[in-house]
There are 2 protein chains.
Amino acid sequence: QPVKFYYDLLSQPCRALYMFLEASKIPYEPVVVKLRSGEHLTDEFRDNVNRFKKVPAINDHGFKLSESVAIFRYLVREKLVPDHWYPRDSLARAKVDEYLEWQHNNVRAHAALYFLRTFFLPTITNKPLSLDILKKCESNLNKCLDDFEENWARQNKYLIGTKISFADLLAICEIDQPKYMGFDPFKGRPKLESWYNLVKDSMVPYYEEASKDIQKVGKMAKAAKAQSQL
Amino acid sequence: QPVKFYYDLLSQPCRALYMFLEASKIPYEPVVVKLRSGEHLTDEFRDNVNRFKKVPAINDHGFKLSESVAIFRYLVREKLVPDHWYPRDSLARAKVDEYLEWQHNNVRAHAALYFLRTFFLPTITNKPLSLDILKKCESNLNKCLDDFEENWARQNKYLIGTKISFADLLAICEIDQPKYMGFDPFKGRPKLESWYNLVKDSMVPYYEEASKDIQKVGKMAKAAKAQSQL
């Protein structure tokens, strides 16, 4: 019986898990949960899938689990998974862990806030985006990506060592969220750019499959912006 | 050679790791880093201890690592540690992992923000705390602790199962940060309170040792507040 995977590809951690499942050939049953229709907010979803009303979530033979990184670690223990995603070597594993913790208050926080405040909230409230909020979000995100460039990205290498790990997948999906909305994460960051392209090239064809929905939303957002500036 | 542990007991994750090291009898060399004197901000600290200029950090035979949860996992692999802190049982471990991820954007975020905005920032900038900011911080923290009560705290049990895990230590240290500043986390939350007392009682005498500095700061904060209201 394959593991049930509840996800929406508009969510960054869902895309990371999707690529991990596909690339590792873990048998799974995909269950799409439309966040935009509020499918995760129903009592049924809360009682049967995830009490926190969020995606991603899994159900493996009745065992329910949420939180992308916890799900990733569980799958590494329970399924046949190539070692490079989460190395058995203790020091390499510790470095992957260090990134997985670091990202919460850094790339994850600021990239998600950028998306939320400059695109999502103005769209659902139908209020124009204030220049102040845009500037503040951009400034925080830029500072955070400078830290990423300085401390994690290295020319033509993955975040940890010479092999791709789950840290790379989470990072690229977070950075994509503002990127597809029109923000340029590469300006003045050649190491981040070379790392980004390396990860993308390593994930053919899963990266494109995972990114198709957020790419569509990004195109619509840019078209709406161009329209409003006519 | 014992592992070098860089910490300041005013920091929540440092207190959690301190209790874990002491209770597990892991041999370590304590190195106090005075955050209030900015000892973590020097070039020397950045180059020799932790490139992210934060505590906690460790150095184990030359291997440097930061991020409390990554450090905890590393120590579990490398040292002799009782199983209950991070169970080998895969499902129990997954549930501990789920909490360790969940807490970042919940208890950790809101308890730390409460401390930062209602106590730390007004103190270092010498500006009075605005009622608006206090109300907003209280409201966010209350909502977050309601979620904690509903989803994690259970009458007379630990967060995961019937044994104490690292999740309990991180949680109690985060909740203590606003608590010692005068915020009551127990009001209307009997399950949270019984969980809290269970953890505290399980950690004699390490809880009191770990908490002495934050207790002192809390007393000073309350005295200053009383003085300003005379």
Side-chain angles (χ1 to χ4, degrees), chain A residues 3 13 17 46 50-54 56-79 86-109 112-113 116 144 147-148 150-152 160 166-167 170, chain B residues 3 13 17 46 50-54 56-79 86-109 112-113 116 144 147-148 150-152 160 166-167 170:
Chain A
V3 56
L17 271 183
R46 182 198 61 206
N50 177 8
R51 69 196 197 277
F52 300 110
K53 301 185 191 170
K54 291 168 94 176
I58 60 165
N59 186 323
D60 193 25
H61 296 86
F63 180 66
K64 291 185 274 185
L65 191 63
S66 68
E67 294 292 342
S68 58
V69 179
I71 292 170
F72 159 73
R73 288 196 169 93
Y74 171 81
L75 294 173
V76 165
R77 286 194 302 275
E78 296 288 328
K79 314 292 172 189
Y86 196 43
R88 283 207 164 260
D89 174 77
S90 182
L91 304 197
R93 178 163 287 201
K95 286 291 169 187
V96 174
D97 282 344
E98 190 180 46
Y99 180 81
L100 295 179
E101 295 301 314
W102 181 87
Q103 59 114 17
H104 278 285
N105 288 321
N106 292 279
V107 173
R108 169 129 188 85
L113 264 189
L116 186 76
C144 163
D147 286 347
F148 184 86
E150 187 185 331
N151 291 301
W152 295 102
I160 289 94
F166 192 61
L170 271 185
Chain B
V3 56
L17 271 183
R46 182 197 61 205
N50 177 8
R51 68 195 198 278
F52 300 109
K53 300 184 191 168
K54 289 167 95 177
I58 60 164
N59 186 324
D60 192 25
H61 298 85
F63 180 66
K64 292 184 273 187
L65 191 64
S66 68
E67 294 290 344
S68 58
V69 179
I71 291 170
F72 159 71
R73 289 196 168 94
Y74 171 81
L75 293 172
V76 164
R77 285 195 303 275
E78 296 287 328
K79 315 291 173 190
Y86 195 43
R88 283 207 164 262
D89 173 78
S90 182
L91 305 195
R93 177 163 289 201
K95 287 291 169 186
V96 174
D97 282 344
E98 190 181 46
Y99 181 81
L100 295 179
E101 295 301 313
W102 181 87
Q103 58 114 18
H104 277 285
N105 288 320
N106 292 278
V107 174
R108 168 129 189 85
L113 264 188
L116 185 75
C144 162
D147 286 348
F148 184 85
E150 188 186 330
N151 291 301
W152 296 102
I160 289 95
F166 192 61
L170 271 185

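In what follows, chains are A, B, ... by sequence order, proteins preceding strands, each numbered from 1.
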Student: To the nearest 0.5 Å, what is the distance between CG on L113(B) and CZ on R108(B)?
Tutor: 10.0 Å

Student: Given side chain to side chain contact (heavy atoms under 4.5 Å, CB included), test Q103(A) with Y99(A) step by step and report yes or no.
Tutor: CA-CA 6 Å; Q103(A) 59 114 17; Y99(A) 180 81; 3.6 Å; yes

Student: Hey, mind stepping through D147(A) and W102(A) against side chain to side chain contact (heavy atoms under 4.5 Å, CB included) and telling me if it holds?
Tutor: CA-CA 11 Å; D147(A) 286 347; W102(A) 181 87; 4.1 Å; yes

Student: In terms of heavy-atom proximity below 4.5 Å to chain A, should F52(B) be classed as side chain, backbone, both, or neither?
Tutor: side chain

Student: Which residues in residues 57-65 of chain B have a heavy atom less than 4.5 Å from any heavy atom of chain A?
Tutor: F63(B), K64(B), L65(B)

Student: Pick one of side chain, backbone, both or neither for E78(B), based on which atoms fall under 4.5 Å of a heavy atom in chain A.
Tutor: side chain

Student: Check whether NZ of the Lys or CZ of the Arg R93(B) lies under 6.0 Å from the centre of the six-membered ring of Y86(B) and within 45 degrees of that ring's axis.
Tutor: yes

Student: Under 4.5 Å from any heavy atom of chain A, what part of R51(B) do you find: side chain, backbone, both or neither?
Tutor: both

Student: In Å, rounded to the nearest 0.5 Å, how long is the span from OG of S66(A) to CD of E101(B)?
Tutor: 10.0 Å

Student: Restricting to non-hydrogen atoms, name the atom on P87(A) and the atom on V96(A) that form the minimum distance, rounded to 0.1 Å.
Tutor: CD-CG2, 3.9 Å

Student: Salt bridge check, R73(B) against D97(B): does any charged N sit closer than 4.0 Å to a carboxylate O?
Tutor: yes

